[in-house]
Amino acid sequence: MASFLNITSPPFFSSRTSLSPSPPPTLTAQLTQFKGWCWKLKCMPSSGPSQETDSEPPETAPSPSNSASLLSSSSVSTYNWCAGLGGVGFLETAYLTFLKLTNSDAFCPIGGGNCGDVLSSDYAVVFGVPLPLIGMISYGLVAALGLQWSGKKFPFGIEESNGRLLLLGCTTSMAVASGYFLYILSTKFSGTSCTYCLLSAFLSFSLFFITLKDFGLEEIQKFLGLQLCIASVVIFSLNTSYATLQRASSSSVADINLEYFTTEITTPSSPFAISLARHLQSTGAKMYGAFWCSHCQEQKQMFGKEAAELLNYVECFPNGFRKGTKMIKACADAKLEGFPTWVINGQVLSGDQELSELAKVSGFKIEESNQPS
């Protein structure tokens, strides 16, 4: 702007008026002065914005060092995510490992006692090792690697590229195992809701995709064969473990040869239990059980000796139990999943039930003088 201040304004642009009158300039003189002013404007050196523009350095293409810096920043973000999610998974599986080793019941925020059923099943063990313990080691390894490498510390001389590959291998195996267990949950535990199972699957898949996005398309294609190999090894190992377990279960069942026996009911019946038993009999309610079932005997003991004799009890193995023995047709048609099982007004109740619950389901009106003890 300083150069414009030095420009001599043409007379006809001047805002000042002369006190002494002067003859008006001719047209030729005005044009001559205007040309001189334009020449000054064109040739006057400028120190304004044009100089600043000329002084800017030309843009250069990003150097390899800048690209490496961006990749390193992305890797640090991936390592932080791995450390955080891996830590959550470690805490979850550590809690489940404690429950498994101490035979404690699992607290299930959703699904009631279904989490404990899954945790105590044969599928919660792989080659004799508790499955939560394997998960705890896996999550702990991912969390430790992510925490260590987020600070750009690579022990044992491991390069960052090899560290990323190691994380990809770990998360791939965890994601494949989670997918396999989701299949087991949907087929072997149909209708069961396991909150811890779903949380673990979510964490495993999240870790896998977070680690995978750190690789370019060319790198993913390069290591695709390695990932397929890891997935095959995981599935083969789990199939082998559970096949061995099933064979062991079959051999143990083959050694069982139980002759039919009866168990005496020793507890006395209360007036309420007798009235309820008569009501259940009149409504056609049935109790399905097996002579060797301890819960069936406990259910009968709740009713007492007199009331238990009034129940419509169906013995599913009246000829004893041995290899190849099947339930009688009445039990098979009822599609029982365990013992005891109550069928009351078309409603199925699994397991031994409190007398008050049986009265409620069957529509039995509890009189004040006949309250259950």
Side-chain angles (χ1 to χ4, degrees), residues 89-90 92-106 108 110-142 169-208 226-256 290 292-293 321-327 332 335-339 350-351:
F90 177 81
E92 180 209 6
T93 49
Y95 168 68
L96 295 178
T97 300
F98 170 77
L99 297 180
K100 182 67 175 177
L101 296 179
T102 58
N103 293 322
S104 303
D105 294 331
C108 288
I110 301 176
N114 292 332
C115 294
D117 297 339
V118 176
L119 187 62
S120 60
S121 68
D122 294 336
Y123 291 96
V125 178
V126 177
F127 292 114
V129 181
L131 183 60
L133 179 59
I134 298 176
M136 184 180 71
I137 295 174
S138 301
Y139 282 117
L141 176 62
V142 171
C170 291
T171 56
T172 298
S173 62
M174 295 167 64
V176 172
S178 294
Y180 184 92
F181 292 127
L182 286 179
Y183 168 77
I184 294 295
L185 184 65
S186 62
T187 55
K188 305 298 183 180
F189 300 91
S190 180
T192 299
S193 176
C194 179
T195 306
Y196 299 108
C197 306
L198 298 179
L199 175 60
S200 181
F202 170 77
L203 293 174
S204 297
F205 287 126
S206 298
L207 286 170
F208 171 69
L226 176 61
Q227 290 178 279
L228 292 177
C229 181
I230 293 175
S232 301
V233 171
V234 171
I235 294 176
F236 175 78
S237 300
L238 293 175
N239 279 333
T240 302
S241 174
Y242 294 139
T244 304
L245 183 64
Q246 291 175 358
R247 286 195 298 268
S249 300
S250 300
S251 61
S252 61
V253 171
D255 297 336
I256 296 177
W292 41 262
C293 169
F321 181 83
R322 60 187 57 84
K323 182 181 179 181
T325 302
K326 296 182 179 180
M327 295 186 293
K335 297 180 180 179
L336 307 177
E337 296 182 355
F339 302 113
S350 299

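Taking the six-membered ring where the residue is Trp, Y123 and F189 present perpendicular rings, their angle passing 60° and hence far from 30°.
Considering only heavy atoms from C-beta on, V125 stays 4.5 Å or farther from L131 through its side chain. Looking at F90 and V142, their side chains never come closer than 4.5 Å, going by heavy atoms from C-beta outward. Between V234 and Y180, every side-chain heavy-atom pair lies at or beyond the 4.5 Å cut-off. Using a 4.5 Å cut-off on side-chain heavy atoms (C-beta onward), C170 and L141 make contact. Residues V233 and S237 meet the side-chain proximity criterion, which asks for heavy atoms closer than 4.5 Å. Side chains of S200 and Y139 form a contact here, defined as non-hydrogen atoms less than 4.5 Å apart.
The nearest pair of heavy atoms linking P132 to A124 is CD-O, 3.9 Å. The two residues L185 and C197 make their nearest non-hydrogen contact at CD2-CB, 4.2 Å. The nearest pair of heavy atoms linking L182 to A201 is CD1-CB, 3.9 Å. Closest non-hydrogen pair, P130 versus K100, comes out as CB-CG, 3.9 Å.
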**Prompt:** So T171 and S204, side chain to side chain contact (heavy atoms under 4.5 Å, CB included) or not? Walk me through it.
**Reply:** CA-CA 7 Å; T171 56; S204 297; over 6 Å; no

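T93 pairs by the side-chain hydrogen bond (donor to acceptor under 3.5 Å, both in side chains) definition with nothing, not counting sequence neighbours. T102 pairs by the side-chain hydrogen bond (donor to acceptor under 3.5 Å, both in side chains) definition with S104, not counting sequence neighbours.
For the residue pair Y242/D122, the side-chain donor-acceptor check at 3.5 Å is not satisfied.
Atom CZ of F98 has 12 or fewer heavy atoms from other residues, nucleotides or ligands within 6.0 Å.
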